[in-house]
Amino acid sequence: MAKTMAINAGSSSLKFQLIEMPEETVIAKGQIERIGLPDSIFTLKFNGEKFETIVNIADHEVGINYMLEQMKEHNVIADLHEITGVGHRVVAGGEFFNHSVIVDDEVLNKIDRLAAYAPLHNPANATGIRAFKKLLPDALSVAVFDTAFHQTMPEVNYLYPLPYQYYTRYGARKYGAHGTSHRYVAQRAAELMGKPLEELKLITLHLGAGASITAIKDGKSLDTSMGFTPLAGVMMSTRVGDVDPSLIYYIQEKENLSNEEMLDILNKKSGMLGISTLSPDMRDLLAVEDTNKHAKLAVEMWENRVLRYIGQYIVELGGVDAIVFTAGIGENSDPQREHIIEKLNFMGIKMDAEANKVRGEETELSTPDSTAKVFLIPTDEELMIARDVESLKNN
Ligand code: AMP
């Protein structure tokens, strides 16, 4: 038995899960928020109880130290040596990584170099890795890349029709994201269907605050909606998704905005928040959509952008065996699932309205005569990270 830690480090937060492997039992989980501020929040859930403290956590290393101490104090672990592996989510792996790897100096160096592709995420991910290596030097350190699963995309799909030298010189191409989530739900869908993943055509919909859609063929990512960065693709909570690039320069000029200001608008002030002028959160919009025109429009636009990708990917795949809903909206919002699948009825893809009344539970949503299965599969990126640590340990 070994305890593996799955880590998702952001710039001012760190989420963790301690998982017993190979049993795949979650022992404890929690997070540290507001790292760097005097009133950081530490949360630990263990044995059905929740412990929360407000403390001053100056940086990631202090936070990780505090977390490990708290785990000892609450008897989650007796000794640090019980943690034999730590898997880290890393957002950008570029073309260097098409699977998870054991972290050595060269890997860390590459994660640092890829910071330009994910400026908000990669430096935080690297900080988390370094801090754990220092505090748990004997545990196997593994990097699990969001982009790795999409490295199987063919050139035809990952290239942008820009001058080719921008690709060779600067790596200007589509990398995608949420790969760990798409990989997990695709595997689960194949298990639920009792068929090898390699024989299935799947469309996986990761619909959370950030959202991406992936076409999976022969068990591999064929195409995905996010791009060079996670800004592209469908409309998201605050991210714009696909937009005519010339419009950006037009608005910048009209509003006299710097590149940074414009990028901030595209990342943080657009999407559902931008259209609704109310909230980035789907729940808030659904609560008022009957009376608020802008909220209704935002929800309708969001559904429309999701549908466009499904249509595109059904054609790219040459059909579809299953469509999978996951992440916050995909797992919890039955009206959105219903509206999306309704538009596919003409192809014989049909949803069982009763089955669809479910929230956050693995469920087959399609009718028995549907031409493709429709599933709700809650994502579990942490488990996937722990599995990757385990398989690299046994290599
Ligand atoms: P995530 O980023 O995966 O945590 O997903 C966050 C999104 O899920 C937010 O837009 C939430 O409003 C949405 N969400 C969570 N619960 C529900 C729900 N019951 N109905 C609709 N949307 C939900």
Side-chain angles (χ1 to χ4, degrees), residues 6 8-17 29-31 33 43 45 89 91 118 120-121 146 176-185 188 204-214 224-226 229-241 267-290 292 294-306 324-341 351 353 355-363 365 375-385:
N8 185 352
S11 51
S12 65
S13 70
L14 186 140
K15 294 188 187 131
F16 59 89
Q17 244 184 55
K29 59 179 161 183
Q31 56 186 349
E33 295 162 279
T43 322
K45 287 183 191 162
R89 175 190 179 207
V91 169
L120 299 179
H121 294 100
D146 260 29
H178 293 145
T180 313
S181 174
H182 289 292
R183 185 159 60 104
Y184 173 77
V185 298
R188 268 313 286 156
T204 49
L205 315 174
H206 180 108
L207 305 175
S212 69
I213 299 183
T214 298
T224 195
S225 62
M226 280 179 168
T229 69
L231 181 55
V234 293
M235 172 173 167
M236 298 174 228
S237 283
T238 62
R239 280 174 254 172
V240 67
N267 268 302
K268 298 188 184 143
K269 299 187 178 138
S270 301
M272 293 198 271
L273 173 65
I275 293 295
S276 72
T277 67
L278 197 72
S279 167
D281 195 292
M282 182 62 98
R283 281 166 295 199
D284 295 344
L285 303 186
L286 294 176
V288 297
E289 66 172 342
D290 289 342
N292 184 309
H294 279 270
K296 188 171 159 57
L297 179 62
V299 174
E300 285 177 355
M301 282 177 68
W302 180 92
E303 290 173 0
N304 166 276
R305 298 318 191 261
V306 173
V324 184
F325 286 92
T326 196
I329 303 171
E331 290 170 26
N332 295 298
S333 196
D334 51 298
Q336 274 52 61
R337 291 194 299 256
E338 188 186 314
H339 297 163
I340 289 164
I341 297 301
M351 184 129 94
N356 189 40
K357 284 183 184 152
V358 69
R359 212 170 255 187
E361 253 174 68
E362 206 170 80
T363 314
L365 304 173
F375 292 110
L376 185 175
I377 301 179
T379 195
D380 198 339
E381 288 160 286
E382 289 76 16
L383 177 60
M384 217 56 187
I385 291 173

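One-based numbering, in listed order, for ligands and for the atoms of each. Because only heavy atoms are used, hydrogens play no part in the values below, and waters and symmetry mates are left out as well, while side chains stay in.
- Among residues two or more places apart in sequence or in another chain, the salt bridge (Lys or Arg N to Asp or Glu O under 4.0 Å) test is passed with Lys29 by none.
- Residues passing the side chain to side chain contact (heavy atoms under 4.5 Å, CB included) test with Glu33 are Gln31, Ile41, Thr43, sequence neighbours excluded.
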Could you list each nitrogen or oxygen of ligand 1 that sits under 3.5 Å from a protein nitrogen or oxygen, with the atom names and the distance?
{"from": "ligand 1", "atom 1": "2 (O)", "to": "Ala209", "atom 2": "N", "distance (Å)": "2.8"}
{"from": "ligand 1", "atom 1": "3 (O)", "to": "Gly328", "atom 2": "N", "distance (Å)": "2.9"}
{"from": "ligand 1", "atom 1": "5 (O)", "to": "Ala209", "atom 2": "N", "distance (Å)": "3.4"}
{"from": "ligand 1", "atom 1": "8 (O)", "to": "Ile329", "atom 2": "N", "distance (Å)": "3.3"}
{"from": "ligand 1", "atom 1": "10 (O)", "to": "Met282", "atom 2": "N", "distance (Å)": "3.1"}
{"from": "ligand 1", "atom 1": "12 (O)", "to": "Asp281", "atom 2": "OD1", "distance (Å)": "2.4"}
{"from": "ligand 1", "atom 1": "12 (O)", "to": "Met282", "atom 2": "N", "distance (Å)": "3.1"}
{"from": "ligand 1", "atom 1": "12 (O)", "to": "Arg283", "atom 2": "N", "distance (Å)": "3.1"}
{"from": "ligand 1", "atom 1": "12 (O)", "to": "Arg283", "atom 2": "NE", "distance (Å)": "3.3"}

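- Applying the side-chain hydrogen bond (donor to acceptor under 3.5 Å, both in side chains) criterion to His178, with sequence neighbours excluded, gives Ser212.
- You'll find the side chain of Val358 reaches within 4.5 Å of the side chain of Arg337, heavy atoms only.
- At least one donor-acceptor pair closer than 3.5 Å links the side chain of Thr326 to the backbone N or O of Thr379.
- Of the N and O atoms on the side chains of His294 and Thr277, not one donor lies less than 3.5 Å from an acceptor on the other residue.
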